[in-house]
Amino acid sequence: MKEHPRHARPHITRDENLIFERSSPGKCGVDLPAPEVPAASAAELLGEDLSRQEIPGFPEVSELEVIRHFTRLSTWNYGVDTGLYPLGSCTMKYNPRINEVVAGLEGLATDHPYAPAELTQGCLKVLYDTTRCMAEITGMDAVSLQPSAGAQGELSGILMIHACMADRGNPRKYVLIPDSAHGTNPASVTTSGYQVKNLKSDAHGCVDLGELELAMTEDVAGLMLTIPNTLGIFEVHIREICELVHRKGGLVYMDGANMNALVGVARPADFGADVMHLNVHKTFSTPHGGGGPGAGPVAVRKVLEPYLPSPMVVKSPDGTYSLDYDRPKSIGRVRAFYGNFGVVVRTLAFIAANGGEGLRQSTQDAVLNANYVMRKLQDLYELPYNEPCMHECVLSDHRQAARGVHTMDIAKRLIDYGFHPYTTAFPLIVPGAVMIEPTESASKEELDEFIEAMRAVAEEVEENPEFVLKAPYTTRVSRLDEATAARKPILRWKE
Amino acid sequence: MRYLPNSPRDREEMLRTLGHSSIEELFAQIPEQIRFPGRLDLPGPLSEQEVLESFKQAAGQSTREYASLLGAGAYLHFRPAAVDSLLSRGEFFTAYTPYQAELAQGTLQAMFEFQTLIAQLTGMEVSNASLYDGSTATTEAVLMSLRLTRRNRVVVAKTLHPEYREVMATYLRQMGTEIADVSYGASGQLDIAALESALSKETAVVVVQSPNFLGTIERFGVIAELVHRSGALLVVTVNEPLSLAVVNPPADADIICGEAQSFGVPVAFGGPYVGFLATREKFVRQMPGRLVGQTVDTEGRRGFVLTLATREQHIRREKATSNICTNQSLCALAATIYLCLLGKHGLKALAEHNLTMAHYAADQLAAVPGTSIPFASPYFNEFVVKAPGRADALLSELRQESILGGVNLERFYPELKDHLLVCVTETVNKVTLDRMVEVYRDFSAQRQVKAAAPSGASQAVGQEKA
Ligand SMILES: Cc1ncc(COP(=O)(O)O)c(C=O)c1O
């Protein structure tokens, strides 16, 4: 048992109540400009019945109190800026500061979506250029930046498949999804009106061609596949898989959440995917923001281009940009306006800073880092699929579970060593998954520290499992009672 | 590459540890034939200075020199400096979804505060921790209502933001759900008779926006009664939630959802924004999106966690209440900070400022010959103007004065030819409004001169037919 974890030292953070508990009558954090015309009250202008007197319970605090409140809260968080964030499937890479600066530039941050196209050429150019970059990176023919995140990209893609199949005469009923898939895949498929058919993985964690052959019936519209899959393994038979689906009249959707393994190395269109999304908040460094916003551009091959969400940004021969609404076969809109534009700005800034070579180097570093971690830990943690990995590796708690310690416990103990946990509850085909994605943003030095910590925890599990079960010890709060939270939900503050 | 921390020597050492002699060997699992042999044809690499330069160029080709009267679901409001200052804390913006609660109490507590603020603002019992935007929040509210009622017909006000209606249609098309539109009456408010005849025993939900797309504030008493009598749920969309500081939220709504971009989130050419969805406690298990709940740690200290996750895709997969995963957390944080800064009094004062200036502008415009305010119902900071002539020509004249004069409604409502949707927030001052009125006056006068001249008269009539 390590009494003093080498990389963790608690630091002082003031306790901080809810903002509502700080409030006292008569305070306000802004002063508004003096009215330029005689002010009328809401009651006068709207009538007594419509007008509202006050919002009960709303806070009343000064500007400084707001600053301190949220600054203190921020210190209870852990971000990529704080340290290694090896959450598998989440690609927690560095968020370059210049991207925040350019996204905030007046003009880009302030143009209105309904301002005339002639006056918003800057914004339209950013959108257009980004679609071209995405097409180049994926090998696809056309791209829409409208989807707000990966899951909405999935939904858009599946709706496009539906529209295309319907045009061919029969939309069919099912979409195949391997059992290793992320939860959004089946959820998006249901939202699209299709039904999910699960596909069992083979002994290597990959698609079983035999199973696929059987499952890919006349009723199946297509296959939804994550490449590399959620075990971090590349589907070696991807071309055969895509050919098989195509031969049976289906289409292939690729979940591109793991593109950090492929950028500059392989292009999904070249191995047979028909439609895919990218999670720019993973692969292209836009900040996760504590849960969002992201963006989930959807890229397609020619066959699906007519169905892309409307409008599309187009460039005329004279070099001007505009929005094309004349898309009769489009699935329609998936959200208002043109997508998470501010996130797209950051995406393009990241791509331009890196260039093709920088992105390729990033991919290589990400893959190297993941393999390094996997090989340095596989003697202490079970490696259920012993294959070379790509951008992430999936180990398991199999050995530790025998001593009553599970992946979540190990993750919590890792916090005391100063690291954010890896992903614990996913993929479902690995019980007790330990899913690690270092990304290219981790240095060897930091990885060595992480490996040392993981090894130390494994040792603690052997020597004193009870101790690990109660971790973390160094955080502001200890383990939280999630069961009670769900049984008797308290979802808001009340006076 | 400046973002990469591994040195060439690190890479070499790591490769050696792995028993490889080149990085290519790590990609051996990808069959040779499908590896990308070339170099990606992309911009860059650029130094930081060059990145800045190139985006400054793009930012220059913008409307930043213009005063804007554009609203229609994206509202330009002043953003206090404290908002960006706090958002730029790396602990907030570089964090992931707060699944590891012990390391994410900052985000979790802030989202709990967001949920509380939205609940207070809407007068509802519970709110979620954000959805993508107002359009998907409205659509999710409809999907939620379909589940709750197990009915399959949707009735939607034609004055719901037209793009929100399009999004709803996209999501519902494959489900065989029927969508019926209910038009607006002469007042600009929902046509109650039309609503009554649209309702049936199959109606799951009625969606009404307020202030609606024409700026008009709806009266919900009769609407709610009719909707509930037919056994349907009432969803109210609010996309200018600043209005809720001075307008009573509809107490009888079952779900109040919409867009909170007005609260400290930049207009940014349409996104990222922040959808919200608030409802009654009894419906909480059918809610989409993340929820933060209060609980205690092993020592009894208050803390916050993501809760009721059995609704969500990572647990329920194809049976989840929504496919949403990544949401708009940082934008919700912006809204939280903004609402705390303005607070009870600031928000009301700001709303009254918007209300007053919008009414000043509308009154001035109504006095211009040939111009009218066609809908007589109460409005907040947005209203419809019937232009004294061709709306497009008028907008061009306004543009000459560096004013973006509003949204030409004909684009969405062909029957509203030469009608503009004009929005007045605190970012527009009286000088600009007076200049706008002058442009209307000149425009109107020119047309009158033309109309007075014998040859011009036929021309003007001809124009009207065009
Ligand atoms: C493999 C995979 N697919 C899809 C998604 C969903 O993407 P988003 O959260 O952007 O909606 C994720 C991210 O969590 C993922 O890891």
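First the proteins, then the strands, lettered A, B, ... as listed; each starts at 1.
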Report task. Name the member of A:C133, A:G193, A:A425 that forms the most heavy-atom pairs with chain B at distances under 4.5 Å. Result -> A:C133
**Report entry** Part of B:L244 lying under 4.5 Å from any heavy atom of chain A
**Finding:** both
Query raised in the report: What part of B:D84 is in contact with chain A, defined as an atom under 4.5 angstrom from a non-hydrogen atom: side chain, backbone, both or neither?
Result: neither
Requested in this report: May I ask you to name which of B:I23, B:L404, B:V126 has the most heavy-atom pairs under 4.5 Å with chain A?
Outcome: B:I23
Query raised in the report: Parallel, tilted or perpendicular: which fits the ring planes of A:Y114 and A:H112, with parallel below 30° and perpendicular above 60°?
Result: tilted
Query raised in the report: Is there a donor in the side chain of B:N6 and an acceptor in the side chain of A:N369, or the other way round, less than 3.5 Å apart?
Result: yes
Report task. Counting only heavy atoms closer than 4.5 Å, note whether B:T170 contacts chain A via side chain, backbone, both or neither. Result -> both
Query raised in the report: With a 3.5 Å cut-off and no angle check, do the side chains of A:H69 and A:E16 form a donor-acceptor pair?
Result: yes
**Report entry** Under 4.5 Å from any heavy atom of chain A - which part of B:Y66
**Finding:** side chain
Report summary line: Okay, A:L159 and chain B: the region with an atom under 4.5 Å from a heavy atom over there is side chain
Query raised in the report: What part of B:A169 is in contact with chain A, defined as an atom under 4.5 angstrom from a non-hydrogen atom: side chain, backbone, both or neither?
Result: neither
Query raised in the report: Do the side-chain N and O atoms of A:D365 and A:S362 include a donor-acceptor pair separated by under 3.5 angstrom?
Result: no
Report task. Sort B:S47 into side chain, backbone, both or neither according to what part of it lies under 4.5 angstrom from a heavy atom of chain A. Result -> neither
**Report entry** Pairs of heavy atoms under 4.5 Å with chain A: top-ranked of B:A268, B:S88, B:A58
**Finding:** B:A268
Query raised in the report: Would you say the side-chain atoms of A:E106 and A:T110 include a donor-acceptor pair closer than 3.5 Å?
Result: no
Report summary line: If you tally heavy-atom pairs under 4.5 Å between each of B:I324, B:V167, B:T307, B:T97 and chain A, the highest tally belongs to B:V167
Query raised in the report: Angle class for the B:H161/A:F337 ring planes (parallel below 30°, perpendicular above 60°, tilted otherwise)?
Result: perpendicular
Query raised in the report: Which answer fits B:D133, side chain, backbone, both or neither, if we ask what part of it has an atom under 4.5 Å from a heavy atom of chain A?
Result: side chain
Report task. Pick one of side chain, backbone, both or neither for A:Y94, based on which atoms fall under 4.5 Å of a heavy atom in chain B. Result -> side chain
Query - Proximal component of B:R316, with respect to chain A [non-hydrogen, under 4.5 Å] - result: neither
**Report entry** Per-residue contact mode, B:I315 against chain A (heavy atom under 4.5 angstrom)
**Finding:** neither
Query raised in the report: B:L18 versus chain A, heavy atoms under 4.5 Å apart: side chain, backbone, both or neither?
Result: side chain
Query raised in the report: In terms of the angle between their ring planes, are A:H420 and A:Y78 parallel, tilted or perpendicular, with boundaries placed at 30° and 60°?
Result: tilted
Query raised in the report: Between A:E136 and A:R267, is the closest basic N to carboxylate O distance under 4.0 Å?
Result: yes
Query raised in the report: Taking atom types as modelled, is there a side-chain donor on B:Q57 or A:K125 under 3.5 Å from an acceptor on the other?
Result: no
Report task. Decide whether B:E102 and A:T475 meet the rule of one side-chain donor and one side-chain acceptor closer than 3.5 Å. Result -> no
Report summary line: Ranked by heavy-atom pairs below 4.5 Å to chain B, first place among A:S192, A:A151, A:A352 goes to A:A352
Query raised in the report: Can a donor-acceptor pair be found between the side chains of A:S478 and B:T298 at a distance below 3.5 Å?
Result: yes
Query raised in the report: Which region of B:R89, side chain (C-beta onward) or backbone (N, CA, C, O), has a non-hydrogen atom less than 4.5 Å from a non-hydrogen atom of chain A, or is it both or neither?
Result: side chain
**Report entry** A:R360 and A:N354: side chain donor to acceptor below 3.5 Å
**Finding:** no
Query - Residue part contacting chain B, namely of A:K470, when any heavy atom lies under 4.5 Å - result: neither
Query - Part of A:R479 lying under 4.5 Å from any heavy atom of chain B - result: both
Query - Pair A:E154, A:T184: side-chain N/O donor-acceptor within cut-off below 3.5 Å - result: yes
Report summary line: So, the part of B:Y360 with a heavy atom under 4.5 Å from chain A: the answer is side chain
Report summary line: Pair count under 4.5 Å, heavy atoms only, with chain A: among B:G90, B:G270, B:P272, highest is B:P272
Query raised in the report: Which residue out of B:F55, B:F304, B:F380 racks up the most heavy-atom pairs below 4.5 Å with chain A?
Result: B:F55
Query - Contact origin within B:V247 toward chain A - heavy atom pairs under 4.5 Å - result: both
Requested in this report: For chain A, find which of B:M175, B:M1, B:K348, B:Q100 contributes the most heavy-atom pairs closer than 4.5 angstrom.
Outcome: B:Q100
Query raised in the report: In terms of heavy-atom proximity below 4.5 Å to chain A, should B:T63 be classed as side chain, backbone, both, or neither?
Result: both
Requested in this report: Report yes or no: do A:N77 and A:S74 form a side-chain donor-acceptor pair below 3.5 Å?
Outcome: no
